[in-house]
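Notes follow once the structure below has been shown.
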Amino acid sequence: MADRQPRNAGTPAAIAVTEPGKVRNVVLVGPSGAGKTTLTEALLAASGAVNRVGSVVDGTTVCDHDPAAVRQQRSVGLSVAPLVRGDIKINLIDTPGYADFVGELRAGLRAADAALFVVSAGEGVDAATVALWQECATVRMPRAVVVSRLDHPRADPEAEVAACRSAFGTGVLPLYLPAGGGRTGLIGLITQRFFDYSDGHPPQVREPVPEDLERLTGARDELIEGIIAESEDETLMERYLGGEDISESTLIADLETAVARGSFHPVIPVCAVTGVGLAEVLDGIVRAFPSPLEHALPEVTSPDGEPQGTLRPDPDGPLAAEVVRTAVDSYVGRVSLVRVFSGTLRPERPVHVSGHGLAERGHEDHDADERVAHLYSPLGAILREVPHCVAGDLCALTKIGSAETGDTVSAPERPLLMRPWPMPEPLLPVAVAARTRSDEDALARNLARLVAGDPTLRLERNAETNQLVLWCMGEAHSDVVLSRLRAGGAEVETEPVRTSLRTTFARGAHGHGRHVKQSGGHGQYAVCDIEVEPLPRGTGIEFADRVVGGAVPHQFIPSVEKGVRAQLAKGLDEEGHPVIDVRVTLLDGKAHSVDSSDAAFQTAASLALKDAAADGAVQVLEPVDEVSVWLPDEYLGSVLGDLSARRGRVLGTEADEGGRSVVRAEVPSTELLRYAVDLRSLTSGTATFTRRHARYDPAPQNAHAG
């Protein structure tokens with residue numbers, strides 16, 4: 001099944017499968033603190049992939065190797081941890097549970113064929129986990145539930161199962177129950193066996209005591225009925241209701257089929273500390289979760305958009321792989337985690353790297369041919385070299401300089417392109433600046449690396465405010481970004497984000513501009529009289545000419561317009577805010593047959609505008625955004641009140657297809673700088689929002705400092 005490379009200095013052996021059917025790609029998802037990383041560590045140790053179990057608190061786990069993860073004691077990035085169960089390679093994909101790192105979560109979903117939802121016993125199910133469950137249901141991704149942390153003082157597995165059924169639906173049913181009577185282990189509802197973990201993993205299989213059988217009765221009947229309802233054998237339910245004893249092998253086969261097609265979701269209690277449930281989770285992944293052969297592949301086109309037909313996970317097919325994550329290692333440089341969907345990646349071979357469709361995120365469309373020097377099987381931060389990576393498997397590539405997250409890797413003779421997966425818009429702006437001039441190069445270099453690897457990070461260089469703005473998902477995300485910048489040698493500081501304001505004329509005004517200079521030889525002579533009128537929002541700048549009698553020669557009228565537009569772009573107030581939505585009309589002027597010139601009339605036009613603005617006719621405008629907020633009804637009153645406090649104007653509310661409310665409002669941009677953080681706090685992380693520029697409106701006096 002696999003080629004194993006010799007261990008090197010205690011590093012676990014690398015695994016390179018030869019058949020897609022021998023792979024299971026499983027993403028672990030769930031709220032922060034549910035125990036995903038701890039469970040992954042226990043599964044690795046139980047399968048022999050690592051020699052000892054690491055600790056999240058001590059920062060010694062395989063998956064939380066990022067310094068920011070160690071410092072925050074929570075996952076901040078996706079990590080892959082492969083292990084072997086029998087002849088099957090399981091790629092465990094550990095993802096962060098905190099909302100700021102949803103980009104890493106989406107990457108994990110893209111790379112996986114099934115999802116393991118990890119919820120903590122007694123903690124209930126939060127709205128973000130429910131939303132993720134529904135997202136997986138939309139694409140019919142197979143799912144199972146692990147109720148973790150059975151050793152917690154407040155653990156209540158039965159209540160947690162009930163909460164999962166209420167949140168996820170009636171297709172969620174337990175396969176095992178924790179043993180009672182102070183014993184350590186599980187009772188199988190189908191097998192009616194006691195899996196004794198008193199001596200740790202692996203369990204000893206024993207006969208249950210009578211009290212166990214009494215506890216099983218109701219839950220077992222419900223489970224069997226649920227499995228039979230999903231069976232393709234239409235006679236099975238009738239036979240069961242008629243009193244026939246359905247064989248264990250039939251029930252297990254139907255269970256595995258229902259799980260693989262995403263219509264049935266078993267629940268397994270687990271305790272990573274005692275080892276309870278680890279064997280059951282591994283066996284469930286191997287037997288019930290689908291292989292890549294059963295997973296629909298993303299649509300592919302050529303880089304110019306021509307459809308290329310449907311691919312299959314065939315190791316001998318055309319090469320089609322995707323960069324699901326990009327990281328920078330201090331020793332080996334850029335590391336690209338790749339999911340191979342078709343074909344086989346091999347070292348010392350050329351590949352084509354193509355990235356399109358993310359230009360609005362700062363990722364310009366690009367195509368390049370590169371050479372793959374080595375392939376690696378990642379175990380957290382450890383890279384173990386492998387001879388190949390077949391369709392369905394995951395691997396890591398190094399030193400592929402043009403590769404960014406979301407790019408497609410294909411054969412140079414047949415370049416392919418996969419559509420990028422959807423990513424949420426980063427909505428928290430953070431302005432950064434190099435501490436010293438010597439830090440500027442390091443800042444630019446590290447920013448380019450971070451943006452290439454993180455599609456949820458957007459870089460904006462605001463020419464009006466002269467600020468470098470990073471748009472992040474939240475405070476935890478920005479903290480990680482800043483720490484990575486500093487770790488890369490760039491000393492950076494943050495500063496308040498300044499909003500780009502505009503000005504306009506609140507009323508009509510007249511201006512006189514006279515530019516006369518004589519210093520020997522040809523002088524400079526130009527006189528302009530103008531009228532400025534305000535226009536409706538969004539009209540732009542208009543220029544008109546009502547000169548009579550040739551007071552301003554025809555050849556200099558374009559010079560006046562050029563000077564007008566240049567000065568309006570520079571602004572007429574001390575802060576230099578551009579002027580918008582006005583009509584400037586040239587009424588009169590004077591010229592000299594020798595000393596008048598293009599430059600002289602440009603200057604005179606500029607002076608005339610300043611003269612028109614001198615009587616206080618200029619008004620400051622602030623940007624207003626159109627905001628849409630999706631939220632549960634229970635938070636509607638709080639959100640409406642908060643929007644009102646932000647000087648927002650609510651346009652209306654409506655219900656969306658998911659049973660939530662949508663609030664649409666117009667809010668000044670200056671009031672939205674921290675809205676991503678405040679809305680999450682206000683709604684316990686259950687609300688999302690989008691924003692787009694609507695127009696400019698008159699600003700209050702205190703906005704002038706922006």
Side-chain angles (χ1 to χ4, degrees), residues 463-466 500-623 695-706:
E464 294 181 22
T465 63
N466 294 317
S500 299
L501 303 179
R502 297 288 187 270
T503 56
T504 192
F505 276 70
R507 62 181 185 276
H510 288 78
H512 176 74
R514 184 175 185 273
H515 181 60
V516 178
K517 285 189 176 181
Q518 188 69 47
S519 56
H522 286 298
Q524 299 181 46
Y525 187 94
V527 178
C528 292
D529 289 296
I530 63 170
E531 178 186 53
V532 186
E533 306 167 80
L535 294 177
R537 295 289 175 269
T539 304
I541 303 298
E542 294 182 4
F543 179 80
D545 163 28
R546 293 214 306 262
V547 176
V548 294
V552 177
H554 179 73
Q555 69 268 27
F556 293 129
I557 292 178
S559 303
V560 175
E561 180 176 2
K562 186 176 180 181
V564 162
R565 292 187 180 276
Q567 186 60 54
L568 291 177
K570 292 178 183 177
L572 295 169
D573 58 353
E574 294 181 0
E575 290 80 14
H577 301 309
V579 182
I580 61 172
D581 301 333
V582 295
R583 178 189 292 118
V584 179
T585 303
L586 177 61
L587 302 176
D588 198 3
K590 293 181 181 179
H592 188 277
S593 59
V594 175
D595 293 341
S596 290
S597 65
D598 170 76
F601 271 99
Q602 285 190 48
T603 303
S606 173
L607 294 172
L609 276 173
K610 293 177 180 178
D611 182 57
D615 64 353
V618 174
Q619 181 182 52
V620 177
L621 304 175
E622 65 179 348
R695 63 181 182 279
Y696 286 90
D697 276 352
Q701 287 297 317
N702 58 8
H704 289 239

Should [X] and [Y] count as side-chain neighbours, where that means a heavy-atom distance under 4.5 Å?
X: Val516; Y: Lys590; value: no
X: Val564; Y: Ser606; value: no
X: Phe556; Y: Leu586; value: no
X: Val620; Y: Glu575; value: no
X: Leu607; Y: His515; value: yes
X: Thr504; Y: Arg537; value: yes

[atom1]-[atom2] distance between [X] and [Y], expressed to the nearest 0.5 angstrom:
X: Asp545; Y: His554; atom1: CG; atom2: NE2; value: 8.5 Å
X: Arg565; Y: Gln602; atom1: CZ; atom2: CD; value: 13.0 Å
X: Gln524; Y: Ser596; atom1: CD; atom2: OG; value: 10.0 Å
X: His510; Y: Asp615; atom1: NE2; atom2: CG; value: 11.0 Å
X: Lys570; Y: Leu609; atom1: NZ; atom2: CG; value: 11.5 Å
X: Arg514; Y: Asp529; atom1: CZ; atom2: CG; value: 11.5 Å

Looking only at heavy atoms, what is the nearest atom pair of [X] and [Y], with distance?
X: Ala612; Y: Ala617; answer: O-CB, 4.3 Å
X: Arg507; Y: Pro534; answer: C-CD, 3.7 Å
X: His592; Y: Val594; answer: ND1-N, 2.9 Å
X: Leu572; Y: Gln567; answer: CD2-CG, 3.8 Å
X: Phe601; Y: Tyr525; answer: CE1-O, 4.3 Å
X: Ala613; Y: Val618; answer: CB-CG2, 3.4 Å

- Task: Scan Asp588, Asp611, Leu587 and name whichever one has a side chain to side chain contact (heavy atoms under 4.5 Å, CB included) with His512.
- Result: Asp611
- Message: Phe543 and side chain to side chain contact (heavy atoms under 4.5 Å, CB included): which single residue from Ile530, Val560, Leu568, Thr585 fits?
- Response: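 With Phe543 as partner, side chain to side chain contact (heavy atoms under 4.5 Å, CB included) holds for just one option, Val560.
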- Message: side-chain contact (heavy atoms from CB on, under 4.5 Å), that's the test. Do Ile541 and Val584 meet it? Break it down for me.
- Response: CA-CA 8 Å; Ile541 303 298; Val584 179; 5.5 Å; no
- Test item: Asp581 side-chain N/O and Gly538 main-chain N/O as donor-acceptor pair under 3.5 Å: yes
- Task: Could you give me the CA-CA distance, side-chain angles and deciding distance for Leu621 and Thr503, then say whether side-chain contact (heavy atoms from CB on, under 4.5 Å) is met?
- Result: CA-CA 5 Å; Leu621 304 175; Thr503 56; 5.9 Å; no
